[in-house]
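The next block holds one structure in the form of structure tokens; read it before the comments.
These numbers were taken from a predicted model, which means no experiment stands behind them. We count ligands from 1, going down the list as the structure has it; atoms in each ligand are counted the same way.
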Amino acid sequence: GDTVTVADLAQKLALKGGEVVKALFKMGVMATINQSIDHDTAVLVTEELGHKAVRASSDDAEDALLALVDNDQGEAQARPPVVTIMGHVDHGKTSLLDYIRRTKVANGEAGGITQHIGAYHVETPKGVISFLDTPGHAAFTSMRARGAKLTDVVVVVVAADDGVMPQTKEAIQHARAANAPIVVAINKIDKSSADPMRVKNELLSEQVVAEDFGGDVQMIEISAKTGQGIDDLLDAISLQAEVLELKAVSEGRAAGVVIESSLDKGRGPVATVLVQSGTLKKGDYLVCGVQYGRVRALFDETGAQPDQAGPSIPVQVLGLSGVPDAGDDFVVVEDERLAKEVAQQREVKRRESRLVASAGSRMEDIMAQL
Ligand code: GTP
Ligand code: MG
């Protein structure tokens, strides 16, 4: 990109070179008068020195974006629940999801798309349910921070032959932090060593009280191997969702969150997003964290290419300028110019906070040496 020497920048700002060097040092950047600094660093040090380097309109981009989002209004309608599957290692979360997919996804096999998608929606007799598979998700930490926003119901899977284990407790904590109701799936009920009563007793110690113990937590005995009880589990989830009366505006510009992202050799940046409101359409312009772009294609978990995705529906988005971070928000905007402007402005802000952070740690190093 563009670079400028410290001396040239100082001249433009009508300052002494040494003053710019000092300001750079404060930001954690070591540079002499004759050295070049990149464009973003130049912008930041200029602001640090009390000058305005970015175009005046630039600061308005985020405001314009917020105004757009705020102005979006429409009738909220019922939306599918977003369900996160959690639990201790090897208790059968993936097996459960595999079973549900195999038996409930009409189109079955993911045609040609081998890329893992950690979120998918299934059609059940009670309606659509969207599932998030927590293990292996780099996104999980960011998702936890947004827990309540993203997850409506947490299904805690507990193996009936193993009982409550450390990650079972973690899952319960997470559900509580997210303020999301729990449905317990007592799995591996087909095993001779299965002891569902022990599981319920152990959960009681965690203040997760089964209905037959006088509490209000639905606990369903299932086998991800044989499929036993899985319809009952789906019913329990639907029942829990009905109680929540989940709603979203499905008209208008889409907004949501990135669940996971990657750089695909052939397809470029790929983001799996969860649409939370509005409808995401092919051809839409969007800002996604510090990235922007135009939706070139949408993929669902079966490899199909839907033209659009509404509230609670996870979908892969192709066409972004770069790989966004898991947990980033996305929002559809009117045109590419605004999308680009907001994204770039965010990038500058992000660098700024990184520089401040690195300057901080540098100062700590210096202090430590004194
Ligand atoms: P992590 O993702 O590593 O946390 O594990 P997980 O919870 O996804 O467990 P996974 O589905 O990989 O299952 C672990 C093992 O348990 C596998 O060998 C499964 O075949 C087995 N398993 C899962 N569900 C059942 C079940 O209902 N009955 C029996 N007998 N085995 C099961
Ligand atoms: Mg798994």
Side-chain angles (χ1 to χ4, degrees), residues 82-105 108-110 114-122 124 129-144 147 150-151 153-178 180 182-203 206 208 210 217-237 259-262 272 274 301-302 314 326-327:
V82 178
V83 177
T84 302
I85 310 289
M86 301 183 71
H88 196 73
V89 66
D90 276 354
H91 279 199
K93 299 175 292 294
T94 303
S95 300
L96 168 61
L97 295 176
D98 281 349
Y99 192 92
I100 294 170
R101 277 175 103 169
R102 206 166 51 235
T103 55
K104 301 293 179 188
V105 176
E109 247 296 273
T114 55
Q115 186 157 347
H116 166 76
I117 181 163
Y120 52 94
H121 66 293
V122 293
T124 77
I129 303 176
S130 289
F131 287 100
L132 303 179
D133 192 6
T134 58
H137 274 231
F140 193 59
T141 308
S142 346
M143 274 168 56
R144 178 151 54 202
L150 208 57
T151 303
V153 176
V154 171
V155 169
V156 178
V157 176
V158 190
D161 62 340
D162 203 24
V164 171
M165 298 297 279
Q167 268 87 54
T168 315
K169 295 181 187 175
E170 267 185 47
I172 293 164
Q173 296 306 328
H174 170 60
R176 286 192 177 132
I182 292 172
V183 172
V184 174
I186 302 178
N187 190 33
K188 307 199 185 185
I189 205 74
D190 59 284
K191 286 188 147 186
S192 56
S193 50
D195 187 355
M197 208 35 102
R198 181 186 137 207
V199 173
K200 288 185 186 177
N201 273 310
E202 288 172 352
L203 286 168
E206 303 300 318
V208 178
V217 180
Q218 300 183 84
M219 298 195 188
I220 316 297
E221 296 178 17
I222 65 158
S223 168
K225 193 178 174 184
T226 68
Q228 182 192 335
I230 289 182
D231 281 340
D232 296 337
L233 178 65
L234 293 175
D235 283 347
I237 292 166
I259 295 164
E260 61 179 10
S261 58
S262 62
T272 302
L274 180 72
E301 60 278 355
T302 70

### Task
Start with the C-alpha distance between Glu202 and Arg198, add both sets of side-chain angles, then the distance that settles side chain to side chain contact (heavy atoms under 4.5 Å, CB included), and finish with yes or no.
CA-CA 6 Å; Glu202 288 172 352; Arg198 181 186 137 207; 2.9 Å; yes

Give the atoms of ligand 1, by number and element, whose distance to some non-hydrogen atom of [X] is under 4.0 Å.
X	value
Val89	3 (O), 4 (O)
Ser223	27 (O)
Thr94	2 (O), 6 (P), 8 (O), 11 (O)
His91	7 (O), 9 (O)

### Part of Asp190 with heavy atoms under 4.0 Å of ligand 1, whether side chain, backbone, both or neither
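Just the side chain.
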
#### Entry: Sub-3.5 Å N/O-N/O distance, Gly92 and ligand 1
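N/O-N/O distance below 3.5 Å exists for this pair.
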
### Query
Under 3.5 Å, N or O to N or O, is Ala224 touching ligand 1 that way?
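Between Ala224 and ligand 1, an N or O pair is found under 3.5 Å apart.
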
### Task
Start with the C-alpha gap between Thr168 and His91, add the side-chain angles, then the distance that decides, and say whether side chain to side chain contact (heavy atoms under 4.5 Å, CB included) holds.
CA-CA 9 Å; Thr168 315; His91 279 199; 4.3 Å; yes

Taking the side chain as everything from C-beta on, heavy atoms only, tell me whether [X] gets closer than 4.5 Å to [Y].
X	Y	answer
Leu132	Ile259	yes
Ile182	Met86	no
Phe131	Ile237	yes
Thr272	Glu301	no

### Winner among Lys188, Lys225, Lys191 once heavy atoms are compared against atom 22 (N) of ligand 1
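Heavy atom nearest to atom 22 (N) of ligand 1 belongs to Lys188.
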
